[in-house]
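Everything on this sheet refers to the single structure shown next.
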Amino acid sequence: MEAADSCIDRLRGEPHRGAMNAPSTPRLPVFYRPEMVARPRSYSPSAEKPARVVDDWLALGLPIELIAPEPVSEAELGRAHDPDFVRAVLASKRDNGFGDRSPEVAASLPYTTGAMLSAARWVLERGGIACAPCSGFHHAGYARAAGYCTFNGLVVTALALLSEERVRRVAILDCDQHHGDGTEEPLRRLERRASVHHFSAGESFHARAQVPAFFERLARELDEAAACDLVLYQAGADPHVDDPLGGWLTTDELRLRDELVFDTLAARGVPVVWNLAGGYQREPDGSIPEVLRIHANTARASLRALSRRG
């Protein structure tokens with residue numbers, strides 16, 4: 001619990017114990033390819049974010065290693081979703097999570113979920129932390145798209161790895177602003193709740209007064225997650241106090257959240273794959289500098305944990 005205790009101490013304004021200087025800089029594996037990007041007419045920037053985030057990290061000089069993910073197959077999507085729903089969405093015959101039938105969005109979907117699955121296979125073989133810079137998963141249910149989410153890449157990834165017997169138990173640690181209701185649905189329907197530990201912060205935490213309770217609950221959830229073979233972490237940007245769909249954690253608190261997750265799991269030797277999740281702050285010109293800043297802080301927190309591990 002040392003990592004958890006240190007983050008909670010910093011939240012309370014107490015000195016951080018056990019800080020370390022990394023003698024060398026590791027590289028964060030980032031599973032990205034341009035096919036992950038689409039441009040629907042949507043309030044959410046999530047379909048365009050993979051390219052924006054990777055470009056930002058490269059411009060900042062963050063030490064990342066770009067790795068091209070493999071797309072998932074219809075069969076892999078069909079483990080978590082109704083196969084008829086999968087085929088119809090990919091053929092642009094049913095609405096995607098953005099409420100349209102864009103062929104461009106349909107073409108991107110196997111690659112966004114593929115980034116999660118490829119990153120998970122990578123860390124299971126090598127350990128450590130990897131990033132899939134994509135969004136749009138946790139509202140997608142068994143046979144429905146919702147809330148800018150079409151296919152649930154979290155559940156698809158977990159079920160693929162369980163099917164391949166690479167893992168016995170997976171943790172989904174969802175720290176988006178909103179409840180991951182779509183994640184619960186296929187897990188219940190497919191009777192996989194015993195194999196997948198799911199925590200969705202957005203189910204219970206929404207207010208500034210809940211910040212200490214959130215960090216205490218997160219520390220407990222990390223104890224549960226550390227007993228799993230793999231953690232899938234949704235590092236949402238939308239709980240930020242200035243997000244139009246969020247509003248309760250400051251930039252520093254989001255950073256502490258990420259450090260708590262990565263430091264705790266790295267200390268326990270549990271591999272982690274993280275993705276971007278929500279973030280809706282926009283400038284009048286359509287740019288998203290505050291969202292990019294939050295995601296860059298998450299990348300730095302993951303690199304910090306990697307340097308301590310290595």
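As the structure is a prediction and not an experimental result, all values here were calculated from the model. Note that the numbering runs from 1 along the sequence shown for the chain.
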- Query: Short question: side chain of Asn152, backbone of Ala140 - any donor-acceptor pair under 3.5 Å?
  - Reply: yes
- So does Glu164 have more than 12 non-hydrogen atoms from other groups sitting under 6.0 Å from CD? yes
- Message: Quick check for you: to the nearest 0.5 Å, what is the distance between His295 atom NE2 and Leu276 atom CG?
- Response: 4.5 Å
- Item | Under 3.5 Å: donor-acceptor pair, side chain of Ser200, backbone of Gly180 | yes
- Message: What's the separation between atom CG in Leu249 and atom CG in Asp242, rounded to the nearest 0.5 Å?
- Response: 12.0 Å
- Query: Where is the tightest heavy-atom contact between Gly236 and Ala277, given as atom of each residue plus distance?
  - Reply: CA-CB, 3.5 Å
- Item | Test item: Gln210 side-chain N/O and Ser204 main-chain N/O as donor-acceptor pair under 3.5 Å | yes
- Task: Output the distance between atom NZ (Lys93) and atom CZ (Arg101), rounded to the nearest 0.5 Å.
- Result: 10.5 Å
- Say whether, by atom type as modelled, one donor and one acceptor occur between the side chain of Arg193 and the main chain of Glu184 under 3.5 angstrom. no
- Go through Leu28 and Trp274 one step at a time and tell me if the side-chain contact (heavy atoms from CB on, under 4.5 Å) criterion holds. CA-CA 11 Å; Leu28 174 67; Trp274 63 277; 4.0 Å; yes
- Query: Sequence neighbours excluded, which residues qualify as ring pair (Phe, Tyr, Trp, His ring centres under 6.0 Å) partners of Phe151?
  - Reply: His81, Phe85
- Taking the side chain from Ser42 and the backbone from Ser44, do they hold a donor-acceptor pair closer than 3.5 Å? yes
- Message: Consider side-chain hydrogen bond (donor to acceptor under 3.5 Å, both in side chains). Of Asp258, Asp174, Asn275, which one does Tyr233 pass it with?
- Response: Asp258
- Message: Just to verify, what does Phe214 make a ring pair (Phe, Tyr, Trp, His ring centres under 6.0 Å) with, not counting sequence neighbours?
- Response: Phe205, Trp248
- Task: Would you check, one step at a time, whether the test side-chain contact (heavy atoms from CB on, under 4.5 Å) holds for Leu162 with Val196?
- Result: CA-CA 9 Å; Leu162 289 163; Val196 181; 4.0 Å; yes
- Query: Does the pair Leu303 and Phe262 meet the rule for a side-chain contact (heavy atoms from CB on, under 4.5 Å), with working shown?
  - Reply: CA-CA 9 Å; Leu303 284 161; Phe262 293 128; over 6 Å; no
- Message: Which residue in the set Leu173, Val123, Val170 passes side-chain contact (heavy atoms from CB on, under 4.5 Å) when paired with Val231?
- Response: Leu173
- Basic-acidic side-chain contact under 4.0 Å: Arg87, Asp84: yes
- Item | Audit row: Asn297, Arg300, side-chain contact (heavy atoms from CB on, under 4.5 Å) steps and yes/no | CA-CA 5 Å; Asn297 284 343; Arg300 292 187 182 100; 3.1 Å; yes
- Task: Before accepting this row, confirm whether a basic side-chain N of the pair Arg304/Asp263 lies closer than 4.0 Å to the acidic partner's carboxylate O.
- Result: yes
- Item | Nearest-0.5 Å distance that lies between atom CD1 in Ile129 and atom CH2 in Trp122 | 10.5 Å
- Item | Salt-bridge present (Asp252, Arg255; N to O < 4.0 Å) | yes
- Starting at CZ of Arg220, measure out to CZ of Phe215 and round the result to the nearest 0.5 Å. 13.5 Å
- Item | Exercise: identify the closest heavy-atom pair between Cys228 and Val270 | O-CG1, 3.9 Å
- Using a strict 4.0 Å threshold on nitrogen-to-oxygen distance, state whether Lys49 and Asp56 make a salt bridge. no
- Item | Nearest heavy-atom neighbours spanning Gln281 and Ile288 | O-CG2, 3.5 Å
- Answer yes when Arg217 and Glu203 have at least one side-chain N-carboxylate O distance shorter than 4.0 Å, and no when they do not. no
- Task: Flag yes if more than 12 heavy atoms outside Arg168 fall under 6.0 Å of its CZ atom; otherwise flag no.
- Result: no
- Message: I need the single residue from Thr150, Leu77, Asp95 that forms a side-chain contact (heavy atoms from CB on, under 4.5 Å) with Val89. Which is it?
- Response: Thr150
- Message: Here's a test for you: under side-chain contact (heavy atoms from CB on, under 4.5 Å), which of Leu230, Leu232, Asp229, Val156 qualifies with Leu161?
- Response: Leu230
- Message: Any carboxylate oxygen within less than 4.0 angstrom of a Lys/Arg side-chain nitrogen, looking at Arg121 and Glu70?
- Response: no
- Query: Taking the inter-plane angle between the rings of Tyr280 and His178 on a 0 to 90° scale, is it parallel (under 30°), tilted (30 to 60°) or perpendicular (over 60°)?
  - Reply: perpendicular
- Query: Which value, rounded to the nearest 0.5 Å, describes the distance between Leu187 atom CG and Leu159 atom CG?
  - Reply: 6.5 Å
- Message: Applying salt bridge (Lys or Arg N to Asp or Glu O under 4.0 Å) as the test, list every pair that has at least one member in residues 122-139; sequence neighbours left out.
- Response: Glu125-Arg166
- Task: Please lay out, stage by stage, how Glu259 and Arg308 fare under the test salt bridge (charged side-chain N to carboxylate O under 4.0 Å, His left out).
- Result: CA-CA 12 Å; Glu259 290 178 358; Arg308 291 180 165 203; over 6 Å; no
- What are the two closest heavy atoms between Gly247 and Gln177, and how far apart are they? N-OE1, 4.5 Å
- Query: When you check the gap from the basic side-chain N to the acidic O, do Glu224 and Arg169 get nearer than 4.0 Å?
  - Reply: yes
- For Met116 and Thr157, work out which heavy atoms get closest and say how close. CB-OG1, 3.4 Å
- Where do Cys134 and Thr112 come nearest, in terms of heavy atoms and distance? SG-O, 3.5 Å
